**Q** 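Here it is: the structure, laid out below.
These numbers come from a predicted model, not from an experiment.
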Amino acid sequence: MRKEKIFALTFAAAISLSLTMPVLAGEWEKEEQGSVTWRYKGDDGSYLKNEWLETDGKWYYLDENGIMVTGSYIVNGKEEQFGTDGVWIDTSKAQEASNADNSLMNYGPGISRWGRDDRGWYYQNFDGSRVQNTWEEIWGVWYYFNGEGYMMENAWIDTNGKRYRVGEDGAMLTSQTITVDGIQYDLGEDGSVPVPAKTEEELQAEAVAAGIIASITNNNMSKPQKASAIYQYVRANTSYTYGGLRPESGDAAAALYGFRRHSGNCFEYYAMSKYLLEAAGMPNVRVTRASDGDHFWNLVNVDGTWYHFDATPRRTGGTWCLVTTGHLRNSWGVHNYDVAAYPATP
């Protein structure tokens, strides 16, 4: 057996075979015994055995002989997967999703990287912190995690001048044609579509909404509290009229109509709510009544969970601020819609 010791400072330059290992503070040893294997020697001169090794956010496992494992390998009674470069492959989400109680389990180096609570899915770094405000490729699939660390679902993600769509399972959609709110989009191999330039009306509606949000909310309020403040504002500052604009006029035009005239029909109520909710950091989509296509309201994502939001007043009364589809069925004559075509509520 020929043994070659490779130190950290020369490690990257010395490798010319199929395996590429990271630069570490300690020592790696490459062994050639029919095939190439790797071992890691600690500062005390002993080889790591039956241990996890982490570097640059990637994990490796050294077996009982101190050899870096690849492929399938049983660790602590559980089968783990490792790439040909020895990097541990996290398959935890698929396994965890199959658990009826969605209970957290330990995966790989002692931490369940995927987790779920009543607000949605999240993904942890190996130090226990959550992945936030970024895309993360997990087991060959791209997911986006918002500023609070929750996986986005059924949403548009605008990053780096491009727009992407994630599905109901959070996975980025690629190489397909989809229809969202009646508009058809062709997604490329990388999943992107160009971000459409905003019109002057859209910029104006956003500016007006941002000013209102600054006056009726504060940073100490939760998302549900902000949603309630928006609901109360629209209700208190808008008078219902059978006039107003229709959907073909566009959301921005309807929102500006309502903001400026303090009156409008259900489309103005929807459009004003849309821009106010977005200004408060809550994505939302338009819901259209199925029976006649003549009533509109919002379905809003609050901390990873979807709720109905209909600020339009009715003669018979009623409040529809962050309500579920089950609650909406109490007024189904007004709020009937194609449930399967929209994100599900609790």
**Q** Minimum heavy-atom separation for Q176 to I178, with atom names?
**A** OE1-CG2, 3.7 Å
**Q** Which residues satisfy the side chain to side chain donor-acceptor pair (under 3.5 Å) test with N336, sequence neighbours excluded?
**A** S291
**Q** Closest heavy-atom contact between T288 and Y342?
**A** N-OH, 3.3 Å
**Q** Applying ring-ring contact (aromatic ring centres under 6.0 Å, His included), which residue pairs with at least one partner in residues 151-175 are found, sequence neighbours left out?
**A** W135-Y164, W156-Y185
**Q** On a heavy-atom basis, which atom in M172 and which in D190 lie closest, and how many Å separate them?
**A** SD-O, 3.3 Å
**Q** Have Y47 and E29 got a donor and an acceptor in their side chains that come within less than 3.5 Å?
**A** yes
**Q** Kindly give the cluster partners of V334, where membership spreads through any ILVMFWY side chain lying under 4.5 Å from a current member.
**A** none
**Q** Please list, one pair per line, the donor and acceptor atoms closer than 3.5 Å that link side chains of residues 205-215 to other protein atoms, with sequence neighbours excluded.
**A**
{"residue": "E206", "atom": "OE1", "partner": "K198", "partner atom": "NZ", "Å": "3.3"}
{"residue": "E206", "atom": "OE2", "partner": "K198", "partner atom": "NZ", "Å": "2.8"}
{"residue": "S215", "atom": "OG", "partner": "I212", "partner atom": "O", "Å": "2.7"}

**Q** Please set out all donor-acceptor pairs under 3.5 angstrom arising from side-chain atoms of residues 243-251, sequence neighbours excluded.
**A**
{"residue": "R246", "atom": "NH1", "partner": "D294", "partner atom": "OD1", "Å": "3.1"}
{"residue": "R246", "atom": "NH2", "partner": "D294", "partner atom": "OD1", "Å": "3.1"}
{"residue": "S249", "atom": "OG", "partner": "R246", "partner atom": "O", "Å": "3.4"}
{"residue": "D251", "atom": "OD1", "partner": "R286", "partner atom": "NH2", "Å": "2.9"}
{"residue": "D251", "atom": "OD2", "partner": "Y270", "partner atom": "OH", "Å": "2.9"}

**Q** Do the side-chain N and O atoms of Y269 and D310 include a donor-acceptor pair separated by under 3.5 angstrom?
**A** no
**Q** Kindly assign one of parallel, tilted or perpendicular to the pair H308 and Y337, based on the angle between their ring planes and the thresholds 30° and 60°.
**A** perpendicular
**Q** My understanding is that only residues two or more places apart in sequence, or in another chain, count here; which of them pass side-chain contact (heavy atoms from CB on, under 4.5 Å) with S72?
**A** E79, Q81
